[in-house]
Amino acid sequence: MCGIVGYVGKNNAVDIIFKGLKKLEYRGYDSAGIAIIIDKKLEIKRSVGKLCNLGAMLDKNPISADIGIGHTRWATHGRPSEENAHPHTDPTKSVVVVHNGIIENYIELRNKLKKGIQEFQSETDTEVIAHLVKKHYKNNLLSAVQKTLCELKGSYALGIVCSEEPDKIICARQDAPLIIGVGKGENFIASDIPALLPYTRNMIFLENGDIAEITAEKIIIKDIKNNIRNRGVKNIRWDAVQAEKDGYKHFMLKEIFEQPRTIEDTFRGRIYPDEGRVYIEEIELEEKYIKDISNIYVVGCGTAYHAGLVSKFLFESFAKIPTEVDIASEFRYREPILNEKTLIIVISQSGETADTLAALRLARSKGCRTIAVCNVVGSSISREAMNVIYTHCGPEIGVASTKAFTGQLTAVYILALDWGCKRGKLTNKELRKYLKELWEIPLKISEFLKNANDVCNIAKIFAQKKHKRDFLYLGRHINYPIALEGALKLKELSYIHAEGYAAGEMKHGPIALIDESMPIVAIVIKKSKVYTKMISNIEEAKARGGTIILVSDKNNKEIAAKSEHIIYIPQTDEFVSPLMTVIPLQLLAYYTSVLLGCDVDQPRNLAKSVTVE
Ligand code: G6P
């Protein structure tokens, strides 16, 4: 996730682009850059770190032009550095590109270009686009971009300018957002509405496959084959604050709704269900080592710890590797038995959590190999771990983690499948089946989210005073950690005490708490070996007067008889089901918190990144 802004018109492009990027900093902030054309020559300014660094550079040496593109980066390929900051250009410095997305086949394209002895200046997947456009350029930028796009696999929102056609911006969209702001004698492009609101409320929302040629006076939208595409202009009525949240009331809600895309971004370029193949470019573990792993410790805090608990089921079932999961603050002070065959996986959204970092250092000091599952490129954990698999979720602003959690689940699912194959524990047929299940998840979540209001209606009942004393969350097997996560979300957001429990363990204690005032959220998955066991546990709770809220993927009579409060979710395989079952629980916590008037995005006493012990 990165932010793009472009401008062509009579005003100073640098000013407009910089202010626009400021509004998009929530999309990434590890480096930034701007490219303009002055007298048919490209000028590029880039700087590592937050946008203010670029601002200081521009203040020192002011530049101005009537056309330009800019970018604020959230690194995916290549660490945050000036060389990797966008815009990227071709070797002759005539084409310049800003990009949000992931080019899956960039290595292949790079290798092809390298044969023609092309020099690359960065480690990014984006630079190859500038080289390709230049290669195809024959006095027609639009056509060169169209030819380039035919070669790209992956997702992109692109802004491209060329010194030989200094009056136009070409932009294109595939699975990454891009809008055109329509002005008078000036036009704009941006990743998101807030960047353009000070200048225009008339916007065109590009769709997949659209390529636009934009001058100060004209906007022409075509497809790759040069057919005209007609897109209407929408008038945006949001105020600036609404726009930052994409029209959602809170960042958390926005982030919940982003999950179909963020999950896809995390598996994109890493899984190929049709071929039955997993490819995790950044993990450098030899097959021999993977075969020899004796055990795994997964370590994290809070929600990341819950992702670790889910991963245990995956590593043990798919790869047959004994796995222990630990809370980082505990792990660092006990004496875990570690050796060179022990693999340590630390999970952290921020990559800065002090306890998780300390656990990582402990593991390294004992000579273990380490992998971080992390969202923030360049963070301490990502720098210190030997290998990193990034969750490509973009910045998470709501303190309660949502999209980062499902990104973490996606990452560990992929790792477990990969190792299952490499260790000969999964057949290719099984791999294809599980990959397909993952592939279908974003669509299923999108379907479910259309009915988010049903969850809100349930929250309305249970946010009432007579109910809100305590909640119990029950799950079994791989959905037991999801019960823990659901309870954590409710606690942190609405300050209602909630406890997650393994449903089979309920009779050893929590059952004593159950009476009519206690809501019990129970997760039931049909395609599960514990389905009937779970049903029995629900009966036990019901028999004690508990009010059941069911989350179930099966719309059948048996389930319907168990409770009047049912949240139906699309059916999935059990192993991938946590990605689905957690969504209604996130929503339930969110709506309850809103109804109780709590501060959803910044709950009291909590912090997004806990850098102290
Ligand atoms: C804090 C946050 C949680 C997060 C946990 C671990 O408690 O409020 O949302 O799960 O830290 O953070 P990390 O960045 O390491 O995933």
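Computation of the quantities below employed the complete heavy-atom set of this structure, encompassing side-chain atoms and omitting hydrogens, waters and symmetry-equivalent molecules. Numbering of ligands and ligand atoms starts at 1, following listing order.
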- Value for NZ (K403) from CG (D265), rounded to nearest 0.5 Å, stands at 9.5 Å
- Item | side chain to side chain donor-acceptor pair (under 3.5 Å) against K254, all qualifying residues, sequence neighbours excluded | E258
- Lys/Arg N to Asp/Glu carboxylate O, K50 vs E25, below 4.0 Å: no
- Message: The test is ring pair (Phe, Tyr, Trp, His ring centres under 6.0 Å); show your working for F318 and W419 and say whether it passes.
- Response: CA-CA 8 Å; F318 293 163; W419 297 343; over 10 Å; no
- Task: Mind checking side chain to side chain contact (heavy atoms under 4.5 Å, CB included) for A190 and listing every partner two or more places apart, or none if nothing turns up?
- Result: I179, A195, L196
Short N or O separations between ligand 1 and the protein, below 3.5 Å:
{"from": "ligand 1", "atom 1": "8 (O)", "to": "A607", "atom 2": "O", "distance (Å)": "3.0"}
{"from": "ligand 1", "atom 1": "9 (O)", "to": "V399", "atom 2": "O", "distance (Å)": "3.2"}
{"from": "ligand 1", "atom 1": "10 (O)", "to": "T303", "atom 2": "N", "distance (Å)": "3.0"}
{"from": "ligand 1", "atom 1": "12 (O)", "to": "T353", "atom 2": "OG1", "distance (Å)": "3.3"}
{"from": "ligand 1", "atom 1": "14 (O)", "to": "S348", "atom 2": "OG", "distance (Å)": "3.4"}
{"from": "ligand 1", "atom 1": "14 (O)", "to": "Q349", "atom 2": "N", "distance (Å)": "3.4"}
{"from": "ligand 1", "atom 1": "14 (O)", "to": "S350", "atom 2": "N", "distance (Å)": "2.7"}
{"from": "ligand 1", "atom 1": "14 (O)", "to": "S350", "atom 2": "OG", "distance (Å)": "2.6"}
{"from": "ligand 1", "atom 1": "14 (O)", "to": "T353", "atom 2": "OG1", "distance (Å)": "3.4"}
{"from": "ligand 1", "atom 1": "15 (O)", "to": "S348", "atom 2": "OG", "distance (Å)": "2.6"}
{"from": "ligand 1", "atom 1": "15 (O)", "to": "T353", "atom 2": "OG1", "distance (Å)": "2.5"}
{"from": "ligand 1", "atom 1": "16 (O)", "to": "Q349", "atom 2": "N", "distance (Å)": "2.6"}

Donor-acceptor pairs under 3.5 Å, side chain of residues 446-456 to any protein atom, not counting sequence neighbours: which ones?
{"from": "S446", "atom 1": "OG", "to": "P442", "atom 2": "O", "distance (Å)": "3.0"}
{"from": "E447", "atom 1": "OE2", "to": "K450", "atom 2": "NZ", "distance (Å)": "2.8"}

